[in-house]
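Comments concern the structure below.
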Amino acid sequence: MIMLNALRTVPRKLLRVARTVTMTAGVCAGAGVLGLAAANDASADSGLGSGERADIEAVVRDYLMENPEVIIDALNAYRTREEQATRTEYEAELYSRATTPVLGNPDGDVTLVEFFDYNCGYCKAVAGSVATLIDEDPNLRVVMKEYPILSEGSVIAARAALASSVQGAYREMHEALMTHRGNFDIDTVMALAGDLGLDADRLRQDMESSWIGQEIVGNRQLAEQIGIRGTPAFIVGDDFLPGAAELETLRQLIDDNRSAS
């Protein structure tokens, strides 16, 4: 009622502009000054005189002073929209990026995401548990986030793993890299590829593909965005589990998320 009473003091020809401006003020960045700035801009665009603009500014000022909760509500609504937009963006990167390898059932009802580095001893320690989960759970989808952060050798290994997907051998190469003991260089990954029967020349060429570089950079940016600082790191639904998780812990997270869906 406060708003309606205030509007009755405005000349009829200003009513439409006043309504527009007060709506604008309600979604500004949470300060009366910005609301009044929006009012001033809107009235200036309408070609109104200075006196008419002053009337509109007074309406907005009075409304905000009498209803400060509007500013809080607007800020909360804005924050919610921004958080949702950010969440939607990173979820697409986390779960659905076309160049990210997926193991297990691509249509599984639960998704496990792992960020890992082939030079990480803890990643090597849990690799068997991840393989067990894939083999024992036909409805599990596993998103493999190559996150080489420990050395240049880690980058070489990650590039080789991603390149192996072109030949349909990502899991085999991934497991070979995880079980390897020692550092990685180009000769090492080529030898592993040869043991798997891959075309080493093609692998070497594919390792330099731009999409592989973009995948690795994208994973690093995503990790920074969602607060991942080391490897391994697991995500199941809204649950984040850093470090070398036990097999039973991962099973329980998967079961909990499946039950909640």
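Each residue takes its place number in the sequence, starting with 1.
The only member of E93, R97, E224, E146 that meets side chain to side chain donor-acceptor pair (under 3.5 Å) when paired with N219 is R97.
D185 has no carboxylate O lying under 4.0 Å from a charged side-chain N of R159, or vice versa, which leaves the two without a salt bridge. The residues R251 and D255 are annotated as not salt-bridged, no charged nitrogen and carboxylate oxygen being separated by less than 4.0 angstrom.
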Fill in: side chain to side chain contact (heavy atoms under 4.5 Å, CB included) evaluation trace for I235 with F115
CA-CA 9 Å; I235 298 172; F115 286 76; 4.3 Å; yes
Fill in: M207/R202 under side chain to side chain contact (heavy atoms under 4.5 Å, CB included): CA gap, chis, key distance, verdict
CA-CA 9 Å; M207 284 175 64; R202 182 180 180 186; over 6 Å; no
Discussion item. For D117 and S154: C-alpha separation, side-chain torsions, deciding distance, then whether side-chain hydrogen bond (donor to acceptor under 3.5 Å, both in side chains) applies.
Written reply: CA-CA 6 Å; D117 183 310; S154 300; 2.7 Å; yes
Worksheet entry | Check against side chain to side chain contact (heavy atoms under 4.5 Å, CB included), T111 and V236 | CA-CA 6 Å; T111 296; V236 186; over 6 Å; no
Fill in: Check against side chain to side chain contact (heavy atoms under 4.5 Å, CB included), V166 and L203
CA-CA 8 Å; V166 178; L203 185 75; over 6 Å; no
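A donor-acceptor pair is defined here as one N or O able to donate and one able to accept, closer than 3.5 Å; such a pair exists between the side chain of K124 and the backbone of Y118. At least one donor-acceptor pair closer than 3.5 Å links the side chain of R141 to the backbone N or O of P106. Side chain of S209 to main chain of W211: no donor-acceptor pair is present (N/O by atom type, distance under 3.5 Å, no hydrogens or angles). Counting only distance, with no hydrogens or angles, the side chain of D137 and the backbone of L133 share no donor-acceptor pair below 3.5 Å. Judged by distance alone, with hydrogens and angles left aside, the side-chain atoms of N105 form a donor-acceptor pair with the main-chain N or O of P138 at under 3.5 Å. Side-chain atoms of R171 do not come within 3.5 Å of backbone N or O of S165 as any donor-acceptor pair. Within the 3.5 Å criterion, the main-chain N or O of G128 finds a donor-acceptor partner in the side chain of T132.
At a cut-off of 3.5 Å, with distance as the only test, a side-chain donor of D256 or Q252 sits close to an acceptor on the other residue. Looking only at atom types and distance, the side chain of E215 has a donor-acceptor partner in the side chain of T100 under 3.5 Å away.
The two residues F234 and P232 come nearest to each other via the heavy atoms CE1-CB, 4.0 Å. Here the shortest heavy-atom pairing between A233 and I228 reads CB-CG2, 3.9 Å. Considering every non-hydrogen atom in both N257 and D238, the closest pair reads OD1-N, 4.2 Å.
Within a 6.0 Å radius of CD in E136, more than 12 heavy atoms belonging to other residues, nucleotides or ligands are found. Dense packing is recorded around OH of Y170, with more than 12 heavy atoms of other residues, nucleotides or ligands lying under 6.0 Å away.
Looking at residues two or more places apart in sequence or on another chain, you find a ring pair (Phe, Tyr, Trp, His ring centres under 6.0 Å) between F184 and H180.
When hydrophobic clusters are built by joining Ile, Leu, Val, Met, Phe, Trp and Tyr residues whose side-chain heavy atoms come closer than 4.5 Å, directly or via intermediates, Y95 is not grouped with L103. Hydrophobic clustering, with ILVMFWY side chains joined whenever heavy atoms are under 4.5 angstrom apart, keeps L94 apart from V130. With hydrophobic clusters built from ILVMFWY side chains whose heavy atoms lie under 4.5 angstrom apart, V126 shares a cluster with L250. Note on L177 and F116: same hydrophobic cluster, where clusters join Ile, Leu, Val, Met, Phe, Trp and Tyr whose side-chain heavy atoms are under 4.5 Å apart, directly or indirectly. No single ILVMFWY cluster, assembled from side-chain heavy atoms under 4.5 Å apart, contains both Y122 and I149.
In this structure, CG in L198 is found 9.0 Å from CE in M190, a value given to the nearest 0.5 Å.
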